[in-house]
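On a predicted model such as this, the values are computed, not experimentally measured, just so you know.
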Amino acid sequence: IGFQALYYGLIGGLTGVSLTRFGSRRARLVQLALAPLALVSLRSLVYMLNSGDFPVGTNSAVAITACFFGVAAGVALLYRQWQPLLIVTAVTGLIGAWTFLGGISNVTRKATLERLQRLGASASQLPNGDERLPAIIKNLFAPLQGENTSADRLAANRSAILAMGIAVGDESFAKFARIQIDGSLLQQLLQVRNGTTLNGRADWPRHFALSSAIAVATHPFVSNASGLLKEELDSLSGGSGFSFGELLADRAGIRFANAATRSRDSAQAFAERAATDFPAAVLYPAQADFPETLNAEELRQTIGLVGRQR
C-alpha cells in the first residue's frame with residue numbers, strides 16, 4: 001500500500017509541477033480541481049482497458065487519494081505556496097491517524113490479559129476441530145469475575161476479540177497491543193490454538209481471529225488491506241499461492257468484529273448470542289469452495305486483476 005501510494009503520489013506531483021502557471025486565483029483553483037480528476041480518469045481508463053472492469057476497492061482508494069495529494073503538492077511547488085498545503089496535510093494526517101490507527105486503553109489491555117489467562121487455564125477442556133473456535137469465543141465473551149459488562153459491553157467485546165487474535169491468530173499480536181505474555185501462558189495459548197479448525201483447515205481460524213483483532217485495534221480498512229496484500233504476496237514466486245478461502249476468513253473476521261462492536265445494542269446482542277452453543281458455520285460458510293494456491297499468472301487468467309468486481 002505504501003509503495004502504491006508513493007508511486008501515484010509521485011505521478012501526481014510530476015503532473016502538478018508540469019502545469020502552466022496562471023496569475024488569477026480562480027484559474028489556479030480550477031487547475032487544482034481538474035488536474036487530479038484528469039489524472040484519476042486516465043488511470044481508471046488504463047485499468048479498464050487492461051482488466052475490462054471499472055477499478056473498485058482498496059487499491060483504487062489508495063491510488064486516487066495519492067493522486068490528489070500528489071497534484072496538490074506539485075501545484076503548491078509550482079506556485080511556491082506551501083502554507084495551505086501544509087495545513088491541509090496536517091489536518092488530514094491527524095484525522096487519518098485518529099480514524100485508522102485507533103487505540104487500546106490500559107483497561108482494555110488488562111481485561112484482554114485476564115481473558116487470555118482464563119482461556120489458557122481451560123485449554124484442556126476445549127473440544128477439537130470445528131467445534132473449538134465457537135467454544136473459544138464462548139469462553140472469551142463470558143464476563144470476567146467482577147466485570148460489569150452492563151456498564152460497558154463494547155469494551156468487554158473489544159478485549160474478547162483482542163484476546164482471540166492473540167490466542168488463535170498469532171501471539172506476536174500481543175506485542176502490537178502492548179500486552180505482556182509470560183512463557184507459561186504462551187504455552188497454554190499454543191495448546192488452545194492447536195486443534196482449532198474451520199472446515200477442517202487449521203489456517204483459516206488464524207486468519208479469522210487475527211483480522212478480527214486488527215479491525216478492533218486499528219480500523220476495518222487496515223485489516224481488509226492487510227489481508228488482501230498478504231494474498232497478493234502469496235501469489236508471487238515462492239509464496240503459498242493466492243487463497244480465496246483465507247481471504248474469506250479475513251473478511252469473516254472483520255464482519256465478526258464489526259457486529260460485536262458496532263454499537264452498545266449490537267454488542268449486547270452479540271454477547272448474548274456468543275453465550276449459547278452455535279456451530280462454526282455461523283462464523284464461516286460450511287460449503288466454501290474457492291480456488292486455492294493460485295500463482296500470479298493463474299490468478300490473472302482465472303479471475304483477472306485484483307480489484308475487479310468478480
Side-chain angles (χ1 to χ4, degrees), residues 108-147 149 153 155-177 179-217 245-246 248-250 252-257 259-261 267-288:
T108 299
R109 290 191 184 94
K110 182 176 181 294
T112 300
L113 181 58
E114 291 179 7
R115 282 184 157 83
L116 286 171
Q117 292 169 338
R118 183 179 65 186
L119 177 64
S122 62
S124 60
Q125 304 170 14
L126 296 171
N128 287 321
D130 286 7
E131 297 178 0
R132 196 175 183 89
L133 185 56
I136 290 172
I137 291 172
K138 185 175 182 179
N139 180 295
L140 291 174
F141 276 81
L144 295 168
Q145 185 175 2
E147 183 180 43
T149 55
R153 184 69 250 187
N157 286 10
R158 283 171 57 87
S159 68
I161 292 173
L162 293 173
M164 182 179 66
I166 296 169
V168 181
D170 198 298
E171 63 275 11
S172 63
F173 187 77
K175 296 181 179 179
F176 174 81
I179 298 173
Q180 297 296 324
I181 305 292
D182 59 36
S184 60
L185 177 57
L186 177 58
Q187 292 304 314
Q188 290 178 326
L189 297 180
L190 292 177
Q191 185 181 353
V192 169
R193 185 181 306 159
N194 293 334
T196 305
T197 63
L198 281 174
N199 285 7
R201 291 279 297 266
D203 53 340
W204 290 351
R206 300 191 66 178
H207 280 265
F208 177 93
L210 194 56
S211 293
S212 184
I214 293 174
V216 166
E246 292 178 359
L248 177 59
D250 293 332
I254 294 168
R255 290 174 65 89
F256 177 91
T261 61
Q268 183 60 42
F270 194 93
E272 292 173 359
R273 181 70 174 91
T276 64
D277 294 326
F278 59 92
V282 173
L283 307 173
Y284 189 94
Q287 300 297 326

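Arg132 contributes atom CZ, which lies 11.5 Å from atom CZ of Arg193 (distance to the nearest 0.5 angstrom). Note: Ile214 CD1 to Asp250 CG = 8.5 Å, rounded to the nearest 0.5 Å. To the nearest 0.5 Å, atoms CZ (Arg273) and CD1 (Ile137) are separated by 10.5 Å. Here the straight-line distance linking atom CG of Leu248 with atom CZ of Phe208 works out to 10.5 Å at 0.5 Å rounding. Going from atom CG of Leu162 over to atom CG of Leu116 covers 9.0 Å, rounded to the nearest 0.5 Å. The OG1 atom of Thr112 sits 10.0 Å away from the CD1 atom of Ile161 when rounded to the nearest 0.5 Å.
Side-chain contact check for Leu210 versus Val168: every heavy-atom pair is 4.5 Å or farther apart. Looking at heavy atoms from C-beta onward, Gln145 lies out of side-chain contact with Arg118 at the 4.5 angstrom threshold. Looking at Leu144 and Arg115, their side chains come closer than 4.5 Å, going by heavy atoms from C-beta outward. For the pair Leu185/Gln117, a side-chain contact is recorded, criterion being any heavy-atom separation below 4.5 Å from C-beta on. Looking only at side-chain heavy atoms (C-beta outward), Leu119 and Leu126 come within less than 4.5 Å of each other. Counting heavy atoms from C-beta outward, Asn139 and Ser122 have side chains that approach closer than 4.5 Å. In this structure, the side chains of Leu133 and Met164 come closer than 4.5 Å at one or more pairs of heavy atoms. Looking at heavy atoms from C-beta onward, Leu190 lies out of side-chain contact with Val192 at the 4.5 angstrom threshold.
Side chains of Gln187 and Gln191: no donor on one and acceptor on the other come within 3.5 Å. A side-chain donor-acceptor contact under 3.5 Å links Asp130 and Thr197.
Between the side chain of Asn199 and the backbone N or O of Arg201 there is no donor-acceptor pair closer than 3.5 Å. Judged by distance alone, with hydrogens and angles left aside, the side-chain atoms of Asn157 form a donor-acceptor pair with the main-chain N or O of Ala260 at under 3.5 Å. Within the 3.5 Å criterion, the main-chain N or O of Ala177 finds a donor-acceptor partner in the side chain of Arg109.
A perpendicular orientation is assigned to the rings of Phe256 and Phe141, their planes being inclined by more than 60° (bins at 30° and 60°).
Using a 4.0 Å cut-off between charged nitrogen and carboxylate oxygen, Glu114 and Lys110 count as a salt-bridge pair.
In this structure, Pro134 and Pro279 approach most closely via the heavy-atom pair CG-C, 4.1 Å.
Taking the side-chain hydrogen bond (donor to acceptor under 3.5 Å, both in side chains) definition, one finds that Thr108 meets it with Ser105, sequence neighbours left out.
Atom CZ of Arg255 sits in a sparse spot, with 12 or fewer heavy atoms from other residues, nucleotides or ligands closer than 6.0 Å.
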